[in-house]
There are 2 protein chains.
Amino acid sequence: MIRLVVADDHPIVRAGLLALFGSEPDIDVVADVPGPDEAVAAAQRENPDVVLMDLQFRARTTTGADATRRIRALDAAPYVLVLTNYDSDADILAAVEAGASGYLLKDAPPHELTTAVRAAAAGESALAPVIATRLLDRMRAPQVSLSSREIQVLELVAAGRSNTEVAADLFVSETTVKSHLAHIYSKLDVSSRTAAVSAARRRGILRQV
Amino acid sequence: MIRLVVADDHPIVRAGLLALFGSEPDIDVVADVPGPDEAVAAAQRENPDVVLMDLQFRARTTTGADATRRIRALDAAPYVLVLTNYDSDADILAAVEAGASGYLLKDAPPHELTTAVRAAAAGESALAPVIATRLLDRMRAPQVSLSSREIQVLELVAAGRSNTEVAADLFVSETTVKSHLAHIYSKLDVSSRTAAVSAARRRGILRQV
DNA sequence: GTGCGAATCGTCCTTTTGGACGATGCCGTC
DNA sequence: GACGGCATCGTCCAAAAGGACGATTCGCAC
């Protein structure tokens, strides 16, 4: 019998997961909690085999990645599966770095969830097919990383500042700003400031406001 | 007995809603469907009192707002409640314009859902408290409100499209796009596209990606 | 110490954007 | 039926942004 803890702030999603695993004879949901801190507590208290955890929690400072890290640091730590709506690079990276053994999407078919839980309980890794594909793409495609100065420029641009204003803010010439922007465009494969901001947000390079 | 149709592309959410309404004696879920087109079909076939519908469907061209519009155009049309993750002005506006009688958030407590369904069945409007608050704020401070067309333009601009591209996307001339942008700038008190996007995000006019 | 990326600054030129005037048709309100 | 807001289209011009060449200096890695 696999002991499972479910952590998600949406009551509807928790109800759905309970219903789903309720019909699986070999999976027992021993706790369902609405927040990351409660998840860590439950992981200590219930001694589960697997924790299924959301990444985003509204109105919480702790993220799912933080909670994952803390759970994986426990003695006899359970495996953690991350379950989220988004498949952004930044999110996946955060989850993997925190020690998750799987990354699942909320719109996945139910059987993907149950097989993933069983795989995780057996100590194996479990990625949603979509995510696996994306990771492979990522490996194939060269990693884009902006320098800290470039990010600084892009943040000001995202805030709506003009090249002249950015130059004044950073005490450099407008030429320099344009030069940074040209590099940013080339790295992100775009050709305008709005497209750059949009691409950077999508990839988690800029704060998601 | 309230006949309810549930439309959401996440199997987990559908399972959760089924479990939730399963324990309500006066609500009968007569169909649960994964897409907007199926929702319209079910609304015709099952003759429900209320349709509970997601706004965003992955990998579909039809949006929840489109489906809502089509359902409300039926004979003996059921009431439509929109259920979504986001509370941006653009989404709310789209839903209301499409004829939704309520707007609910997925992280709402279950009782909000059931009371909203009962209210909708009785022909009343039902808004999540968060949304109601936002609408009231909007009424009190009506200083900035973009027209739906303007929001549409701004969304494309935020996605990094140029004026020419936006014009092509919306089947209008570039002059028209520039005219919309000029109005947007004046309303938001800015003078560039990036500043407009930034201001609109800050005020919740655009979704906080 | 050679090479490389980063940060800085230049010029010249083209494209895009924004501002300042227009104009028309439609719809809803008063 | 007049008025205002919205959406549509136009021209002309100035400013901003972007592309295509440059260039130097400074670290840091090999």
Side-chain angles (χ1 to χ4, degrees), chain A residues 141-201 205-206, chain B residues 65 69 73 89-90 92-94 96-99 138-139 141-201 205-206:
Chain A
Q143 175 81 269
V144 282
S145 76
L146 301 190
S147 75
S148 64
R149 194 60 159 173
E150 285 164 350
I151 292 180
Q152 216 175 350
V153 169
L154 195 51
E155 273 170 351
L156 289 168
V157 168
R161 314 281 288 164
S162 72
N163 289 350
T164 323
E165 289 170 336
V166 173
D169 288 349
L170 300 181
F171 303 107
V172 296
S173 82
E174 192 189 339
T175 308
T176 304
V177 173
K178 293 174 84 168
S179 167
H180 284 311
L181 279 175
H183 290 141
I184 293 172
Y185 295 166
S186 137
K187 285 183 181 178
L188 296 180
D189 192 29
V190 297
S191 56
S192 79
R193 50 214 294 115
T194 43
V197 169
S198 158
R201 267 194 225 287
I205 295 169
L206 284 184
Chain B
R69 217 181 315 273
D89 280 14
I92 299 175
L93 212 67
V96 170
E97 274 180 3
R138 230 185 127 85
M139 308 272 289
Q143 69 287 64
V144 273
S145 80
L146 301 190
S147 75
S148 65
R149 194 59 158 173
E150 287 164 349
I151 291 179
Q152 221 176 347
V153 168
L154 196 52
E155 275 171 348
L156 289 168
V157 168
R161 315 279 288 162
S162 72
N163 290 350
T164 323
E165 289 170 334
V166 172
D169 289 349
L170 299 181
F171 304 106
V172 296
S173 81
E174 193 188 337
T175 308
T176 304
V177 174
K178 292 173 81 169
S179 166
H180 284 310
L181 278 175
H183 291 140
I184 293 171
Y185 296 166
S186 135
K187 285 181 180 179
L188 295 180
D189 192 28
V190 296
S191 55
S192 79
R193 51 215 291 114
T194 42
V197 169
S198 158
R201 268 195 222 287
I205 296 169
L206 286 183

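Order of the sequence lines fixes the chain letters, A, B, ..., with proteins taken first and strands second; residue numbering starts at 1 for each chain.
Separating the CG atom of B:Leu181 from the C1' atom of D:dT8 is a distance of 14 Å, rounded to the nearest angstrom. D:dA7 atom P lies 18 Å from atom CZ of B:Phe171, rounded to whole Å. Atom CZ of B:Arg161 and atom C1' of C:dT16 are 15 Å apart (whole Å). Atom pair A:His183:NE2 and D:dA20:C1' shows a separation of 12 Å (rounding to whole Å applied). Whole-Å rounding puts the B:Ile151 CD1 to D:dC6 C1' distance at 14 Å. In this structure, B:Gln152 places its CD atom 9 Å from P of D:dA7, rounding to the nearest Å. Nucleotide C:dG5 holds its C1' atom 14 Å from the CG atom of A:Leu146, rounded to whole Å. In this entry the distance linking CD1 of B:Ile184 with C1' of C:dG19 reads 15 Å, nearest Å.
The closest side-chain heavy-atom distance from B:His180 to B:Gln152 is not below 4.5 Å. Proximity of A:Asn163 to A:Lys178: side-chain heavy atoms (C-beta onward) are separated by under 4.5 Å at one or more points. A:Arg201 is listed as a side-chain neighbour of B:Arg201, based on a closest heavy-atom distance under 4.5 Å. Side-chain contact between A:Arg149 and A:Val172 is present, with heavy atoms from C-beta onward closer than 4.5 Å. Using a 4.5 Å heavy-atom cutoff, the side chains of A:Arg193 and B:Arg193 are not in contact.
Residue A:Thr175 is classed as a base contact, given a heavy-atom separation below 4.0 Å to a base. Among the atoms of the strands shown, only primed sugar atoms or phosphate atoms (P, OP1, OP2) are found under 4.0 Å from some heavy atom of A:Ser162. Within the nucleic acid shown, A:Ser179 comes within 4.0 Å of at least one base atom, counting heavy atoms only. Among the heavy atoms of the strands, none lies under 4.0 Å from A:Glu174. B:Thr176 comes within 4.0 angstrom of a base, heavy atoms only.
Residues A:Thr176 and A:Ser179 bring no donor and acceptor atom of their side chains to less than 3.5 Å of each other.
For B:His180, a side-chain nitrogen or oxygen approaches OP1 or OP2 of D:dT8 to under 4.0 Å. For A:Asn163, a side-chain nitrogen or oxygen approaches OP1 or OP2 of D:dA17 to under 4.0 Å. Between B:Arg193 and C:dT16 there is no side-chain polar atom (N or O) within less than 4.0 angstrom of OP1 or OP2. At C:dG18, one or more side-chain N or O atoms of B:Tyr185 fall inside 4.0 Å of OP1 or OP2 (strictly under the cut-off).
In this structure, of C:dT8, D:dG10, C:dT17, it is C:dT8 that holds the atom nearest to the side chain of A:Arg149. Closest to the side chain of B:Glu150, out of C:dT8, C:dC9, D:dA7, is D:dA7. Nearest to the side chain of A:Ser147, among C:dA6, D:dG19, C:dT8, sits C:dA6.
Each of B:Val172 and B:Ser192 was assigned the nucleotide of DNA chain D with the nearest heavy atom; the assignment lying further toward the 5' end belongs to B:Val172.
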